[in-house]
Amino acid sequence: MENVFDYEDIQLIPAKCVVDSRSECDTTATLGNHTFRLPVVPANMQTIIDENIATYLAENNYFYVMHRFEPETREAFIKKMQEQNLIASISVGVKEEEYAFVEGLASKALIPEFITIDIAHGHSNAVIRMIQHIKKHLPESFVIAGNVGTPEAVRELENAGADATKVGIGPGKVCITKIKTGFGTGGWQLAALRWCAKAASKPIIADGGIRTHGDIAKSVRFGASMVMIGSLFAGHEESPGETVEKDGKLYKEYFGSASEFQKGEKRNVEGKKMFVEHKGSLQDTLTEMEQDLQSSISYAGGTKLEAIRNVDYVVVKNSIFNGDKVY
Ligand SMILES: NC(=O)C1=CN([C@@H]2O[C@H](COP(=O)(O)OP(=O)(O)OC[C@H]3O[C@@H](n4cnc5c(N)ncnc54)[C@H](OP(=O)(O)O)[C@@H]3O)[C@@H](O)[C@H]2O)C=CC1
Ligand SMILES: Nc1nc2c(ncn2[C@@H]2O[C@H](COP(=O)(O)O)[C@@H](O)[C@H]2O)c(=O)[nH]1
């Protein structure tokens with residue numbers, strides 16, 4: 001493949017500003033029937049989101065995807081969110097019991113607005129079967145399927161009925177897939193996003209590898225409708241997970257969904273655990289992201305997110321590990 005690059009290799013080129021203040025720039029993004037304040041969603045991981053954060057995000061019109069690692073709580077979660085007139089956005093896997101779970105929701109008329117099929121290697125018959133199963137039993141739910149890293153995968157999942165596909169295999173901060181298997185989009189996630197977006201006829205969610213707020217704008221430029229982020233959302237006051245103190249500084253844990261810590265066993269481990277510096281409140285980060293993205297839109301010479309899609313760019317350097325340490 002030609003023109004391989006990642007986030008840190010690209011700079012977007014400014015166009016003439018058309019606003020008098022960055023506050024005029026509109027960062028909202030639409031997915032399905034819903035419009036959200038930002039084209040950003042915290043990763044559906046156990047140290048990133050819990051029910052309290054999901055509720056806060058939904059109440060404040062941010063997109064969220066609840067993780068799938070406490071499967072028995074999902075039904076009550078959907079009920080609770082919908083009783084408060086909030087969107088219900090859950091994750092599922094592809095194992096046998098998930099088929100019965102979907103049928104159970106349908107029989108109780110519990111219809112989540114969004115369902116994300118959350119699998120490491122999403123270009124698979126298992127995911128295609130699950131998309132078809134959800135579309136049969138819960139046709140009104142918006143289905144996000146992933147993760148994938150090729151145009152063929154995007155087309156196959158879209159053809160199976162997915163309403164959006166999620167792109168990113170191995171670029172995550174706590175991911176070791178690229179090291180342990182030799183496969184993935186780690187080190188060239190932004191180029192993979194562009195490759196996939198060219199084939200897509202439905203929205204693409206870029207997932208993993210975002211290290212700065214500017215990377216959100218770059219994702220939009222290369223075809224993302226929404227950007228899923230883990231590490232930048234880890235370590236907040238509200239974040240689930242253990243807090244530790246070291247040399248007078250506070251840190252919070254952030255671990256991969258395929259890590260030994262998540263799985264409780266050392267089997268097919270493709271994730272690691274790290275501690276990130278304590279960051280203060282989640283809302284402060286969301287506000288800063290919004291301001292930075294408003295600024296990006298102004299540099300793109302527009303007033304809406306779409307303006308970023310048309311800007312020119314230059315490739316400034318090349319790198320493999322996107323600044324991450326291996327372990
Ligand atoms: N975005 C990314 O780069 C990655 C994300 N993850 C995250 O880790 C979590 C666990 O993912 P996952 O292991 O898929 O979920 P599960 O542990 O729920 O596995 C789902 C099913 O897919 C099978 N499976 C998993 N990986 C493969 C593969 N490479 N080839 C064939 N079958 C496979 C599993 O069987 P068996 O275990 O027996 O093979 C199991 O039956 C998810 O939250 C996922 O998002 C994990 C790795 C990469
Ligand atoms: N290879 C693995 N990828 C994982 C694991 N757990 C989560 N993830 C993916 O990472 C992103 C978040 O990336 P970040 O760079 O923003 O921190 C997340 O959305 C998943 O797709 C894992 O154990 N292994």
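Note that ligands are numbered from 1 as they come in the structure, with each ligand's atoms numbered from 1 the same way. All values reported here derive from a predicted model rather than from experimental measurement.
Aromatic ring centres of Tyr56 and Tyr64 lie farther apart than the 6.0 Å criterion allows. If you look at Phe255 and Phe275, their ring centroids are not closer than 6.0 Å.
Distance from atom 19 (O) of ligand 2 to its nearest protein heavy atom, with residue and atom name: Asp207 OD1, 2.5 Å. Of all protein heavy atoms, the one closest to atom 10 (C) of ligand 1 is Arg68 NH2, 3.9 Å. Among protein heavy atoms, atom 5 (C) of ligand 2 sits closest to Ser257 N, 3.6 Å. In terms of protein heavy-atom proximity, atom 3 (N) of ligand 2 is nearest to Cys175 CB, 3.6 Å. Taking atom 16 (O) of ligand 2 as the reference point, the nearest protein heavy-atom neighbour is Gly230 N, 2.7 Å. For atom 29 (N) of ligand 1, the closest non-hydrogen atom on the protein side is His121 CB, 3.9 Å.
Under a 3.5 Å cut-off, the side chain of Asn60 and the backbone N or O of Tyr62 do not form any donor-acceptor pair.
For Lys263, no heavy-atom contact with ligand 1 is shorter than 4.0 Å. Contacts between Arg211 and ligand 2 below 4.0 angstrom, taking non-hydrogen atoms only, involve the side chain exclusively. Proximity of Asn147 to ligand 2, defined as any heavy-atom pair under 4.0 Å, is confined to the side chain (atoms from C-beta onward). In Met45, the part holding a heavy atom less than 4.0 Å from any atom of ligand 2 is the side chain. Here Phe69 has side-chain heavy atoms under 4.0 Å from ligand 1, and that is the only part of it that gets that close.
Ligand-side atoms of ligand 2 in range of Ile229: 16 (O), range being under 4.0 angstrom from any heavy atom. Residue-ligand proximity, Glu270 to ligand 2, at heavy-atom distances under 4.0 Å covers atoms 1 (N), 2 (C), 22 (C), 23 (O), 24 (N). Close contacts between ligand 2 and Met228 involve ligand atoms 19 (O) [criterion: under 4.0 Å to a heavy atom]. The distance from ligand 2 to the heavy atoms of Ser259 drops below 4.0 Å at these ligand atoms: 23 (O). Taking every heavy atom of Gly271 and a limit of under 4.0 angstrom, the matching atoms of ligand 2 come to 22 (C), 23 (O), 24 (N). For ligand 2 and Ala258, the ligand atoms under 4.0 Å from any heavy atom of the residue are 22 (C), 23 (O). In the vicinity of Asp118, heavy-atom distances shorter than 4.0 Å reach the ligand 1 atoms 42 (C), 43 (O), 44 (C), 45 (O). Close contacts of ligand 2 with Gly208, meaning ligand atoms under 4.0 Å from a residue heavy atom, involve 13 (O), 15 (O).
Residue contacts with ligand 1: Asn147 is placed with a nitrogen or oxygen under 3.5 Å of a nitrogen or oxygen of the ligand (distance criterion only). The shortest N or O to N or O distance between Gly168 and ligand 1 is below 3.5 Å. Distances between N or O atoms of Ala120 and those of ligand 1 include at least one value under 3.5 Å. When only interatomic distances are considered, the shortest N/O to N/O separation between Ser231 and ligand 2 falls below 3.5 Å. In terms of N/O distances under 3.5 Å, ligand 1 is not approached by Thr177. The shortest N or O to N or O distance between Glu270 and ligand 1 is not below 3.5 Å.
In summary, Glu242 and Lys252 do not engage in a salt bridge, as defined by a charged side-chain N under 4.0 Å from a carboxylate O. Between Glu98 and Arg68 there is no salt bridge, since no side-chain N of the basic residue sits under 4.0 Å from a carboxylate O of the acidic one. Salt bridge Glu260/Arg267: absent, no basic N to carboxylate O contact under 4.0 Å.
Selection from Ser257, Ser91, Gly149, Pro171 by nearest heavy atom to atom 7 (C) of ligand 1 gives Ser257. Here atom 21 (C) of ligand 1 lies nearest to Val94 when heavy atoms of Val94, Thr181, Val148 are compared. Scanning Ala234, Gly172, Ala43 for the heavy atom closest to atom 10 (O) of ligand 2 points to Gly172.
Not a single heavy atom of Lys166 sits under 4.0 Å from any atom of ligand 1. In this structure, Gly172 does not count as a contact residue of ligand 1, since none of its heavy atoms falls inside 4.0 Å of the ligand. Look at Gly208 and you'll find every heavy atom at least 4.0 Å from all atoms of ligand 1. Residue contact annotation: Gly93 has no non-hydrogen atom under 4.0 Å from ligand 1. Between Tyr254 and ligand 2 there is a heavy-atom distance shorter than 4.0 Å. The shortest separation from a heavy atom of Gln262 to ligand 1 is not under 4.0 Å, leaving the residue out of contact.
For the side chain to side chain contact (heavy atoms under 4.5 Å, CB included) with Leu190, the lone residue among Ile210, Thr185, Asp6, Asp9 that qualifies is Asp6.
For NZ of Lys136, the number of neighbouring non-hydrogen atoms (other residues, nucleotides, ligands) closer than 6.0 Å is 12 at most. Enclosure of atom CZ in Arg22 is not indicated, since only 12 or fewer non-hydrogen atoms of other residues, nucleotides or ligands lie within 6.0 angstrom.
Lys218 forms no cation-pi arrangement with Tyr7, by the criterion of a distance under 6.0 Å to the ring centre and an angle within 45° of the ring axis.
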